[in-house]
Amino acid sequence: MPEQDERLERYDPTAFEPRWQARWEELGLHRTDLRDRSKPPYYLLTMWPYPSGDLHIGHWYVKTPTDAIARYKRAKGFNVFYPVGFDAFGLPAENAAIKRKIHPREWTVANMENMRRQLRSMGASFDWSSEVVTCDPAYFRWNQWIFLKFYERGVAYRKQAPVDWCPSCQVTLAREQVEGVDRICWRCSTPVTKRDLTQWFFKITDYAEELLSFDGLNWPEPVRTMQANWIGRSEGAEVDFAVAPAAHHPGGEALRVFTTRPDTLYGATFMVLAPEHPLVATITAPERRAAVDAYVEATKRKSEIDRLSATREKSGVDTGAFAVNPVNGERIPVWIADYVLAGYGTGAIMAVPAHDERDHAFAVRFGLPIRTVMAPAALTATPDAVPLPYDEKGDGAAIAVNSAAWEGAAWPASFEQAVAHLERTGAGARSITYRLRDWLISRQRYWGTPIPIIHCPACGPVGVPAEQLPVTLPDDVDFQPTGESPLKTATAWLNVPCPKCGGPGQRETDTMDTFVDSSWYWYRYLSPGNEHGPIDRDLVDAWCPVDQYTGGAEHAVMHLLYSRFFTKALRDLGLVGESEPFTRLFNQGQILGADGERMSKSRGNVQDPDELVGRHGADAVRLFLMFMGPWDQGGPWSSSGISGMVRFLGRVWTLALDPLGREPGDPRAGRLPEGQDAAAAEASIRRAAHRAISGVGADIEAFRFNTAVAKLMELANALFPYRGSPVAGGGAWNEAIAMLLSGLAPMAPHIAEEIHARLQAAAGIAGDDPRWRSIHARPWPAVDESLLAESTREIPVQVNGKLRDRLQVPAAATEPEIEALALALPKVLAALEGRAPKKVIHAGGRLINIVG
RNA sequence: GCCGGAGUGGCGGAAUGGCAGACGCAUCCGACUUAAAAUCGGCCGGUCGCAAGGCCGUGUGGGUUCGAGUCCCACCUUCGGCACCA
């Protein structure tokens with residue numbers, strides 16, 4: 001057969017995907033001119049990867065749609081900045097070093113190399129010229145610089161405190177890095193313990209109130225809620241009780257408590273201090289000393305898990321001391337118990353057992369008195385055995401009872417009156433408390449940014465002078481974990497003169513939490529080589545805040561909270577102008593293993609993208625990931641279905657490059673559909689194309705990639721019947737093919753470019769022709785709105801809300817016309833069973849419902 | 001316990017309060033082929049019926065509405081987050 005030779009070769013992505021990747025880079029297609037002000041800027045950021053060695057399919061799941069956004073926005077006329085880099089410090093590199101005896105740097109560099117190759121194989125349109133790598137001294141010197149600025153302003157400070165410690169990683173953790181009620185390490189899931197250490201902190205609590213505001217931000221509700229809960233704002237009052245004089249103790253000290261319910265002050269029948277409370281040592285009565293000391297000791301030894309154990313059986317001991325309630329002068333006993341936390345509020349509470357479940361349990365256990373101070377408005381007293389819940393609204397609304405100064409007041413007036421009373425008498429004041437703790441950033445590890453401090457016996461901790469930065473990492477260290485930083489073993493590096501007095505000093509040996517590295521990296525992308533400062537303010541003003549950020553919700557109260565804090569702190573240093581880093585955030589879902597579990601090497605359920613790309617091509621994998629379902633949903637991995645993407649791309653290939661071909665097995669091949677002439681066929685083609693491209697644009701804007709792909713499939717399906725027909729290859733056809741390719745280009749960039757290049761070549765424009773242009777440098781097609789409407793409409797006809805028939809009417813048909821036609825339909829008459837219609841509802845010309 | 005998300009065919013999923021199941025996978029049927037694969041065309045929620053067509057159907061039970069997968073109330077299941085925070 002002679003046609004055999006002319007037959008189009010099959011779609012084979014491996015033949016051209018790498019070629020286009022190389023060509024795009026050669027053309028500098030994705031390099032952004034940051035000074036170009038001719039187009040509106042669009043800063044698109046995706047969470048940078050940790051160089052663990054291999055990209056898995058989860059990385060692709062985040063980055064593929066993000067890349068489609070980048071490409072789409074370029075086509076829409078934006079100057080898109082889409083950078084990438086590596087979060088290259090961290091424990092896995094150090095663990096690899098311990099296990100395999102290679103330097104963490106070597107391991108990291110090799111992994112980054114592999115991951116760069118993998119990212120390129122996706123066809124991702126990153127601007128590699130702005131790459132940032134955190135383990136590069138050119139980056140981390142600015143961590144140190146910022147740290148010193150924070151230190152100068154008191155944002156960074158050092159204190160001794162009980163801190164969270166992972167016994168497996170042998171490292172301290174920030175509170176945010178301890179997960180769940182089991183209190184496990186975020187990295188290795190080992191239960192965390194407590195250690196009393198002197199460590200560096202960042203004063204994120206100074207920004208607690210500001211961090212609660214998400215004004216002007218388009219962030220997912222769950223993340224905002226999680227951050228708000230994490231910050232945990234409580235409105236209440238601080239109240240000073242006075243320690244009562246006793247034989248062993250003169251008394252008089254203020255015993256300050258925080259309460260959200262000052263209106264229940266008359267119901268305070270005892271007080272409870274955290275065992276760590278400083279007053280415990282002085283106020284304890286001699287005869288109680290032994291029991292109190294034993295309890296304090298036992299608490300210290302108890303792990304956090306035991307202390308918060310599931311049984312929640314209340315424990316505690318009486319100190320023998322008394323305190324005086326400022327509102328009624330009553331003497332009440334002071335106890336200590338571990339259910340009161342030292343780190344929250346003032347570390348002391350007034351117990352109101354009648355109205356608080358925990359206090360109630362404690363009172364019952366130890367036989368302490370219970371006094372009701374709230375009662376339903378209708379009653380004057382309730383049984384003392386049951387705590388009355390704080391029911392502030394509705395039928396159970398309670399009023400204050402046994403509460404002289406605000407007797408009879410209902411919430412929230414009772415609160416206001418109580419606070420006013422306290423402020424008038426000087427016994428207390430309105431107060432707000434947050435659950436947020438300061439960010440512990442010291443890590444007893446090697447592979448991180450050295451904290452630029454020199455400890456001097458005479459001057460204390462002294463910042464390394466800015467001109468001596470960066471403090472780099474010495475290579476002659478012992479990585480074996482000892483619970484202390486490996487940097488302690490680098491004696492030559494360790495001992496340096498004090499910058500202040502010149503006396504013998506020692507470097508700080510802890511390194512910074514790697515979350516510090518990722519708390520400002522998007523600013524550095526704008527000027528990665530800048531040697532004059534961490535941030536180029538002009539570029540930041542032009543490009544920031546980031547327009548769109550994409551990444552996982554697992555960072556809700558870690559990276560995403562730290563980054564907001566950093567932005568505000570950098571703003572207060574005058575380094576940036578804005579208060580928020582990311583205007584719009586999207587959290588994609590998580591791809592699980594085929595077994596529905598989190599992907600991990602130990603489970604053996606990790607999907608390797610290289611293998612998929614080798615078999616199906618990058619475009620098919622990209623499309624498949626976008627087509628799986630809504631992007632924020634994720635789900636278990638299954639590769640069944642990927643063949644459908646290959647099939648679809650094959651159809652696009654055939655449609656575009658062999659429009660006149662016919663399939664031997666197709667019964668209708670070459671003919672126009674029944675009842676259509678060429679003009680009708682072309683109109684139908686144009687309508688399908690314009691509708692598709694209009695829908696695809698709207699879907700990408702709304703991050704509905706699955707339906708965007710479906711619309712392109714619909715267009716291909718609509719065109720296929722015309723292949724080989726008289727209209728194939730005509731004007732309408734070619735316009736439709738161009739739209740199909742443009743719509744596909746953001747999501748499947750290689751095949752779109754390959755077909756586009758072949759079509760240009762067929763038109764006499766080869767790749768070296770100055771007229772040649774990449775499809776990715778072309779504008780998004782303009783949609784002719786007039787083509788979106790059909791010339792005739794199909795109106796569903798319902799009787800009593802049930803579908804009975806459908807009606808074909810001209811697009812311009814009026815409601816009375818439609819109604820007349822509908823009422824004449826035999827099926828409608830049958831459904832009405834002879835009754836006259838009571839009412840007819842026209843749903844905006846889209847549907848008619850006859851009520852009879 | 002508290003806060004947030006999700007429950008739709010065999011499967012992934014679609015649907016501004018208006019035709020439930022778009023698009024795809026799998027299965028099945030047909031065409032092309034000596035044959036298979038690939039490709040092309042088609043069936044594809046359940047049920048009754050020869051058919052035309054009817055009835056049922058979006059986790060459960062109520063409600064609002066001419067009309068509910070969609071809104072409201074209660075509940076069940078499931079996935080995340082938080083959890084003695086005074």
Side-chain angles (χ1 to χ4, degrees), chain A residues 10 179-181 220-230 232 234 236 257-261 264 272 307-309 312 314 337-341 343-352 356-359 361-362 433-436 553-554 556-557 589-590 592 596 623-624 627-630 632-636 638-645 647-648 650-651 654 662-669 704 706-714 716-717 720-721 723 794-806 827 830 837-844 846-852:
Chain A
R10 302 197 33 193
E179 293 185 339
V181 67
E221 182 64 38
V223 174
R224 296 190 341 214
T225 309
M226 276 162 74
Q227 290 202 356
N229 288 344
W230 189 258
S234 287
V257 301
F258 172 76
T259 175
T260 56
R261 299 300 300 234
T264 62
V272 186
R307 189 161 166 182
L308 303 177
S309 76
R312 302 267 163 86
K314 293 278 178 289
D338 62 8
Y339 82 91
V340 174
L341 307 175
Y344 182 78
T346 61
I349 63 160
M350 63 175 204
V352 183
D356 181 279
E357 251 182 81
R358 296 153 301 180
D359 298 344
F362 195 84
T433 293
Y434 303 90
R435 295 174 58 180
L436 185 67
E554 66 274 17
V557 293
Q590 200 174 34
L592 305 170
L623 275 191
F624 181 60
F627 187 67
M628 278 176 60
D632 56 4
Q633 197 174 292
S638 158
S639 55
S640 81
I642 196 160
S643 57
M645 303 304 115
R647 214 169 285 160
F648 163 60
R651 280 161 74 85
T654 309
R662 296 172 185 190
E663 295 305 319
D666 187 351
R668 68 190 186 198
R704 290 188 301 251
N706 55 332
T707 53
V709 175
K711 280 171 181 131
L712 291 169
M713 288 174 169
E714 281 182 83
N717 292 346
F720 225 87
R723 178 167 174 253
E794 192 185 69
I795 310 269
V797 181
Q798 293 182 341
V799 177
N800 293 328
K802 262 177 166 337
L803 180 72
R804 291 300 172 183
D805 207 347
R806 296 184 172 87
K827 284 178 189 164
K838 285 197 208 105
K839 197 170 162 190
V840 177
I841 287 132
H842 292 271
R846 289 194 310 277
L847 173 145
I848 179 168
N849 186 17
I850 296 155
V851 185

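Proteins get letters first, then strands, A, B, ... in listed order; numbering begins at 1 in each.
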Those residues that, when tested against A:R704, pass salt bridge (charged side-chain N to carboxylate O under 4.0 Å, His left out) (two or more places apart):
A:D699

Rounded to whole Å, how long is the line connecting atom CH2 of A:W230 with atom C1' of B:C82?
8 Å

Rounded distance in Å between the P positions of B:G46 and B:A22
14 Å

What contact category does A:S234 fall into here, base, sugar-phosphate, or nothing, at under 4.0 angstrom with non-hydrogen atoms?
sugar-phosphate

Using the test side chain to side chain donor-acceptor pair (under 3.5 Å), find all partners of A:T225 that sit at least two apart in sequence or belong to another chain.
A:E221

Per-nucleotide protein contact along nucleotides 4-10 of chain B, 5' to 3', at a 4.0 Å heavy-atom cut-off (B base, S sugar-phosphate only, - neither), is S------

Round to a whole Å and report the spacing from OH of A:Y344 to P of B:C82.
17 Å

Under 4.0 Å protein heavy-atom contact, by nucleotide of nucleotides 26-42 of chain B - B base, S sugar-phosphate only:
S----BS-----SSBSS

To the nearest Å, how far apart are A:F624 CZ and B:G13 P?
11 Å

Separation of A:L847 atom CG from B:A15 atom P, in whole Å?
19 Å

According to the Watson-Crick and G-U wobble definitions, with both distances under 3.5 Å, which nucleotide is paired to B:G45?
B:C56

Which whole number of Å gives the distance between the P atom of B:U27 and that of B:G18?
36 Å

What residues form a ring-ring contact (aromatic ring centres under 6.0 Å, His included) with A:F624, not counting sequence neighbours?
A:W637

Can you identify which nucleotide, out of B:A14, B:C23, B:C19, has its nearest atom closest to the A:A710 side chain?
B:C23

Sequence-distant partners of A:R647, salt bridge (charged side-chain N to carboxylate O under 4.0 Å, His left out), two or more places apart
none

Using only heavy-atom distances, determine whether the side chains of A:N717 and A:R651 contain a donor-acceptor pair under 3.5 Å.
yes

Heavy-atom nearest nucleotide on RNA chain B for A:N706 versus A:M226: which residue maps closer to 5'?
A:N706

Taking CD1 from A:I349 and P from B:A86, how many angstroms apart are they, rounded to a whole number?
11 Å

Residue met sooner reading RNA chain B from 5', once A:A348 and A:K711 are mapped to nucleotides:
A:K711

Mate of B:G17 where both pairing distances stay under 3.5 Å, Watson-Crick or G-U
none

Grab the two heavy atoms, one from A:V272 and one from A:A351, that are nearest each other, plus how far apart they are.
CG2-CB, 4.4 Å

With A:F648 via ring-ring contact (aromatic ring centres under 6.0 Å, His included) - residues at least two apart
none

Compare side-chain N and O positions of A:Y339 against OP1 and OP2 of B:A86 and report whether any pair is under 4.0 Å apart.
no

Once you apply the 3.5 Å cut-off to both distances, tell me the Watson-Crick or G-U wobble partner of B:G24, or none.
B:C11

Round to the nearest Å and state the distance from A:D338 atom CG to B:C84 atom P.
11 Å

Please enumerate all residues that pass side chain to side chain donor-acceptor pair (under 3.5 Å) together with A:S638, with sequence neighbours excluded.
A:S640

Residues two or more places apart in sequence or in another chain: which of them pass side-chain contact (heavy atoms from CB on, under 4.5 Å) with A:P630?
A:D632, A:Q633, A:N706

Across every strand shown, the nucleotide meeting Watson-Crick or G-U wobble geometry with B:G1 (both distances under 3.5 Å) is B:C82

Please list, for nucleotides 62-72 of chain B, all pairs of protein and nucleotide N/O atoms separated by less than 3.5 Å.
{"unit_1": "B:C66", "atom_1": "O2'", "unit_2": "A:N849", "atom_2": "ND2", "d": "3.4"}
{"unit_1": "B:C66", "atom_1": "O2", "unit_2": "A:N849", "atom_2": "ND2", "d": "2.5"}

If I compare all heavy atoms of A:P636 with all of A:M628, which pair ends up nearest, and what's the gap?
O-CE, 4.3 Å

Report yes or no: does A:D805 contribute a side-chain atom to a donor-acceptor pair with the main-chain N or O of A:V797 at less than 3.5 Å?
no

Using 0.5 Å steps for rounding, measure from the CD1 atom of A:I795 to the CG atom of A:L847.
8.0 Å

Rounded to whole Å, the CD-C1' distance (A:E714 to B:C23) equals 6 Å

Watson-Crick or G-U wobble partner for B:A38, using a 3.5 Å limit on both distances?
none

What heavy-atom pair brings A:Y344 and A:S234 nearest, and what distance separates the two atoms?
OH-OG, 3.4 Å

How far does the P atom of B:U8 sit from the matching atom of B:G61, given to the nearest Å?
16 Å

Pairing check on B:A6: which nucleotide meets the Watson-Crick or G-U wobble criteria with it, both distances under 3.5 Å?
B:U77

Polar-atom pairs under 3.5 Å, protein N or O versus N or O of nucleotides 49-59 of chain B: list them with distances, or write none.
{"unit_1": "B:C56", "atom_1": "OP2", "unit_2": "A:K802", "atom_2": "NZ", "d": "3.0"}

Of all residues at least two apart in sequence or in a different chain, which pass the side chain to side chain donor-acceptor pair (under 3.5 Å) check with A:Q227?
A:R564

Could you check whether the rings of A:F362 and A:Y339 sit parallel, tilted or perpendicular, using 30° and 60° as the cut-offs?
tilted

Whole Å only: how far is the CD atom of A:E554 from the C1' atom of B:G80?
11 Å

Taking syn as a glycosidic torsion within 90° of 0 and anything else as anti, which one is B:G9?
syn

Tell me whether the OP1 or OP2 atom of B:G81 has a side-chain N or O from A:N229 closer than 4.0 Å.
no

With rounding to the closest Å, how many angstrom separate the P atoms on B:C55 and B:U64?
24 Å

Out of B:A86, B:A22, B:A83, which has the shortest distance to the side chain of A:R435?
B:A83

Students often get this wrong, so: under 4.0 angstrom with heavy atoms, is A:G345 touching a base, only sugar-phosphate, or nothing?
nothing

What interatomic distance, in whole Å, is found between P of B:C32 and the corresponding atom of B:G41?
15 Å

No-H, no-angle donor-acceptor pair, A:K314 side chain to B:C84 base, under 3.5 Å
yes

In whole Å, what separates the P atom of B:A15 from that of B:G59?
16 Å

Which value, rounded to the nearest 0.5 Å, describes the distance between A:N849 atom CG and A:H842 atom NE2?
10.5 Å

Please measure how far the C1' atom in B:C71 lies from the corresponding atom in B:C66, and state the result in whole Å.
16 Å

Side chain proximity check, A:T264 to A:M350, heavy atoms < 4.5 angstrom
yes

Using the C1' atom as the point on both nucleotides, what is the distance between B:C29 and B:C43, in whole Å?
7 Å

